[in-house]
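Order of the sequence lines sets the chain letters (A, B, ...), proteins ahead of strands, with each chain counted from 1. Below, each value reflects all heavy atoms present in this structure, side chains not excepted, and no hydrogens, waters or symmetry copies.
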2 protein chains.
Amino acid sequence: MRLTTKGRFAVTAMLDIALYEADKPVTLAGISERQSISLSYLEQLFSRLRKQGLVSSVRGPGGGYRIAKAHNEISVSDIITAVDEQIDATQCGGNENCHDEGRCMTHELWASLNNKILDYLSGVSLADMVDMQRKKGAGTVVFSPRKCGSEATIAA
Amino acid sequence: MRLTTKGRFAVTAMLDIALYEADKPVTLAGISERQSISLSYLEQLFSRLRKQGLVSSVRGPGGGYRIAKAHNEISVSDIITAVDEQIDATQCGGNENCHDEGRCMTHELWASLNNKILDYLSGVSLADMVDMQRKKGAGTVVFSPRKCGSEATIAA
DNA sequence: ACAATAATTGACTAAAACAGTAGGTTATTA
DNA sequence: TAATAACCTACTGTTTTAGTCAATTATTGT
């Protein structure tokens, strides 16, 4: 799997919908304003999220996006893998040094790390995040995805 | 923290030294050949590794690099943070939405994930990796860092 | 019917990071 | 003194990131 700010944006946007959708669906323009994410960039992200069945869309005035599943059935890893497609395909492709019996030894390290990350992120659901936010938010829902927290890019 | 193929290369190279150093230090040219990593690229990586005190160098003929500490005192996360400098500095810098009381809520998610990753990687030492490799290697030490295993890039 | 709204699509772009090259300088040894 | 090998700086091509821009399609209220 693969996670950058793209994934963070997607998670933040999904959380925004989960918090703000009630009677009406949530517009990308609204998310864009609240979360300071470019509208066009959101459009790209939601194209993927919709194709993966994580959100449903309603066109026209009063339209917008809704979360398509129960909040506890969508994990953070679902969201991330939806927007950050794996180019994972090249499993030791074209490399004669890494075959069945002689697997590169770092292989196991990274594979193992990858599982750890997946385990963690698939254990956190949208419902969990909504709960967390509601509990501490106390009225003021303030979060922004950019330049917040330590940057990291892990390849495993 | 931040981990890409650069980090993988560094870990692989360090492991190569750990496996091959005996009486003489290990040359970058040797690592380059065995692990198919560009010599100049290795030079860049080892400049960092040396400055962080993970390896010591010997110049001139018969020279090369040695691991500067006990193998069980160097963790994978040490190696990775040595070569992949954090641009982490901008902790919510210049963003009025993310302050002390109103920390962005995804913040905690990513911070938490980051800790999970760090925990894991700091728990694996160079000695562990040498052991693993010696046990299964059975004579043929074959590993290569590139195109081996699933690609992933995680930012937390 | 018509204008406003909002999703949907596709192509294009500046900046950064990644991975690597090239060419040189300095210290050490045989 | 010649070979070795670390050390250093600058440059380069490719990919990814994080957008922008412009157009189209569907829906709703008037």
Whole-Å gap separating [atom2] ([N]) and [atom1] ([X]):
X: B:Arg48; N: C:dC18; atom1: CZ; atom2: P; answer: 10 Å
X: A:Tyr41; N: C:dG10; atom1: OH; atom2: P; answer: 18 Å
X: A:Lys6; N: D:dT15; atom1: NZ; atom2: C1'; answer: 12 Å
X: A:Lys24; N: C:dA7; atom1: NZ; atom2: P; answer: 13 Å
X: A:Glu33; N: C:dA6; atom1: CD; atom2: P; answer: 12 Å
X: A:Leu42; N: D:dT20; atom1: CG; atom2: C1'; answer: 14 Å

Next on the checklist: Please enumerate all residues that pass ring-ring contact (aromatic ring centres under 6.0 Å, His included) together with A:Tyr120, with sequence neighbours excluded.
Outcome noted: none

Checklist entry - Has the side chain of B:Ser47 got a donor or acceptor atom that lies under 3.5 Å from a matching backbone atom of B:Glu43? => result no

Next on the checklist: Would the distance check show the side chain of B:Ser32 and the main-chain N or O of B:Leu28 forming a donor-acceptor pair, the cut-off being under 3.5 Å?
Outcome noted: no

Checklist entry - For every nucleotide of nucleotides 3-11 of chain D, 5' to 3': is a protein heavy atom under 4.0 Å from its base (B), only from its sugar-phosphate (S), or from neither (-)? => result BBSBBB-B-

Checklist entry - Any side-chain donor paired with an acceptor under 3.5 Å for A:Ser125 and A:Asp128? => result yes

Checklist entry - Would you say A:Phe46 and A:Ile17 make side-chain contact, with heavy atoms under 4.5 Å? => result yes

Check residues 58-76 of chain A and write down every donor-acceptor pair under 3.5 Å in which the side-chain atom is one partner and the other belongs to a residue at least two apart or another chain.
{"from": "A:Arg66", "atom 1": "NH2", "to": "A:Asp23", "atom 2": "O", "distance (Å)": "2.9"}
{"from": "A:Ser75", "atom 1": "OG", "to": "A:Ser77", "atom 2": "N", "distance (Å)": "3.4"}
{"from": "A:Ser75", "atom 1": "OG", "to": "A:Ser77", "atom 2": "OG", "distance (Å)": "3.0"}
{"from": "A:Ser75", "atom 1": "OG", "to": "A:Asp78", "atom 2": "N", "distance (Å)": "3.2"}
{"from": "A:Ser75", "atom 1": "OG", "to": "A:Asp78", "atom 2": "OD1", "distance (Å)": "3.4"}
{"from": "A:Ser75", "atom 1": "OG", "to": "A:Asp78", "atom 2": "OD2", "distance (Å)": "3.2"}

